[in-house]
Amino acid sequence: MSVTLHPFDAPAGPPPKKTLSTRRHSAADALRRDASRLPLFGRHADAAAPATGRRARATLARLREVNKQLLQAMLLAQRAQRQAELTLSHQTQLMAVVAHELRNPLMTLCTTATLLPRVAADKVGRLLEIIERQTGRMSRVIGDLLDVSRVNTGKLRLELGDVDIAEVVEDSLVSCRPAMAQRTQSLRLDLPSPPGGMCGDAVRVTQILSNLLGNASKYTPAGGEIALVVQRTPDNVVFTVSDNGIGITPQALLEVFNPFVQEQHAVKFNGVGLGLGLAVVRELAEAHGGSVEASSAGLGLGSRFVVTIPARVIRAHA
C-alpha cells in the first residue's frame with residue numbers, strides 16, 4: 001500500500017546544499033579592480049608626469065645658464081691674465097727704454113765731467129755745450145714722463161694768459177736749432193704779419209711746437225726740409241709742422257698719438273725716444289680746447305701735423 005506524505009510531514013534533516021554560481025569578469029573589470037587597489041599617488045602618476053617634466057626642463061635650463069656664466073667668467077679671467085702679462089711685459093720694456101734714454105746722456109755727462117779739469121781753457125766751452133745738450137735731453141725725457149703722469153692722474157693744469165705767437169715760435173726753435181744744424185736740415189718759417197697774440201699757456205704752446213719740430217728733425221734725413229706755418233682764422237690759431245722725412249704708414253697713423261708707441265721703421269731710423277712727444281702734444285692741445293691731426297702720404301713721403309688752438313681758450317679747459 002502506498003503512503004503519501006504531506007510536505008509538512010517530511011522528516012527533519014540537513015537542508016539541501018545550494019550551489020552558488022560564479023560570475024565571470026571581463027579583462028576590463030580586472031584592470032579596474034587592480035587600479036582601485038593602487039595607492040593614491042600611483043593613480044595620479046600620469047597626471048603628474050607633465051609637471052615633473054617641466055621641473056626637469058627648468059632645472060636643466062638653470063644648469064645650462066650657470067655653466068654659460070662659468071664659461072664666460074673663465075674666458076674673462078683668461079683675458080685679464082693675458083692683459084696683465086702684456087702690461088707687465090710692456091712696463092718692463094718701458095723701464096728698459098727709460099733706463100737707456102737716461103743712461104746714455106748720463107754717461108756722456110760723467111765723461112765730460114772727468115775731462116773738464118784736463119782740457120785747455122779754449123776747449124771748456126765745447127764741453128759745456130755737451131753738458132747743456134745732454135742735460136736738456138734728460139730733462140725732456142723726465143718732463144714727458146711727468147706730463148703723461150699728470151694727464152693720467154688729472155693733474156695737468158694750464159697757466160692761461162696772453163701769448164705772443166712770435167715769442168713762442170722763437171722759444172721753441174731754441175731747443176731744435178742745434179739738432180737741425182747738426183743734420184744740415186733747412187727750416188722754413190711762415191708767420192702771419194703781424195703774428196699777433198692768443199690766449200693760452202705760453203710754456204705749453206712752446207712745448208707743443210718744440211715736440212713737433214724735434215720730432216720732424218729726428219725722423220728727417222740729413223739735408224732734409226722742415227717747415228713751420230702759422231695761420232690765423234677769426235676763431236683759431238693753426239700751427240702746421242711738415243717735413244720730407246721717412247713718413248708714417250696708414251696703420252701707425254691710427255696710434256701715432258698714443259703713449260709709448262713707436263713705429264718699427266722709425267725705431268730703425270732713429271732709436272732715440274720713448275714715443276711720448278706726440279702723446280704730450282695731443283694732451284696739451286686738447287687741454288687748450290684744441291686738437292691735433294697727423295697725415296702722411298706713406299713711407300718716405302714725409303709727414304704733416306696740424307695743431308688747432310682757439311684764439312681765446314675757454315678757462316673751463318684749463
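In what follows, every heavy atom counts, from backbone to side chain, and hydrogens, waters and symmetry copies are set aside.
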Backbone of [Y] reached by a side-chain donor or acceptor of [X] within 3.5 Å:
X: D201; Y: E159; result: yes
X: N244; Y: G224; result: no
X: T184; Y: G223; result: yes

Steps toward side-chain contact (heavy atoms from CB on, under 4.5 Å) verdict (I309, I208): CA-CA 11 Å; I309 298 179; I208 290 174; 4.2 Å; yes
For [X] and [Y], which heavy atoms make the closest approach, and how far apart are they?
X: L278; Y: F257; result: O-CD2, 3.4 Å
X: L187; Y: L228; result: CD1-N, 4.4 Å
X: A202; Y: V168; result: O-CG1, 3.9 Å
X: I248; Y: S296; result: N-OG, 3.0 Å
X: G214; Y: C176; result: N-SG, 3.8 Å
X: A294; Y: V256; result: CB-CG1, 4.1 Å

To the closest 0.5 Å, what do you measure between [atom1] ([X]) and [atom2] ([Y])?
X: N211; Y: K218; atom1: CG; atom2: NZ; answer: 8.5 Å
X: I226; Y: R183; atom1: CD1; atom2: CZ; answer: 8.5 Å
X: L116; Y: T111; atom1: CG; atom2: OG1; answer: 11.0 Å
X: Q231; Y: T308; atom1: CD; atom2: OG1; answer: 9.5 Å
X: L75; Y: L70; atom1: CG; atom2: CG; answer: 11.0 Å
X: L60; Y: E65; atom1: CG; atom2: CD; answer: 12.0 Å

Do [X] and [Y] belong to the same hydrophobic cluster, where Ile, Leu, Val, Met, Phe, Trp and Tyr are linked whenever their side-chain heavy atoms lie under 4.5 Å apart, directly or via other members?
X: L128; Y: I130; answer: yes
X: L213; Y: L189; answer: yes
X: L173; Y: L191; answer: yes
X: V119; Y: L109; answer: yes
X: V292; Y: L253; answer: yes

Residues that [X] engages under side-chain hydrogen bond (donor to acceptor under 3.5 Å, both in side chains), provided they are two or more places apart:
X: R62; result: T59
X: S303; result: D243
X: Q185; result: S217
X: R232; result: none

Identify, with sequence neighbours excluded, every residue that meets salt bridge (Lys or Arg N to Asp or Glu O under 4.0 Å) alongside E129. R126
Decide yes or no for R64 and K68: does some side-chain heavy atom of the first lie under 4.5 Å from some side-chain heavy atom of the second? no
Could you list all the salt bridge (Lys or Arg N to Asp or Glu O under 4.0 Å) pairs where at least one residue sits in residues 160-170, not counting sequence neighbours? D162-R312, E170-R177
Begin from the C-alpha positions of E225 and T220 and carry the test side-chain contact (heavy atoms from CB on, under 4.5 Å) through to its verdict. CA-CA 8 Å; E225 299 177 356; T220 298; over 6 Å; no
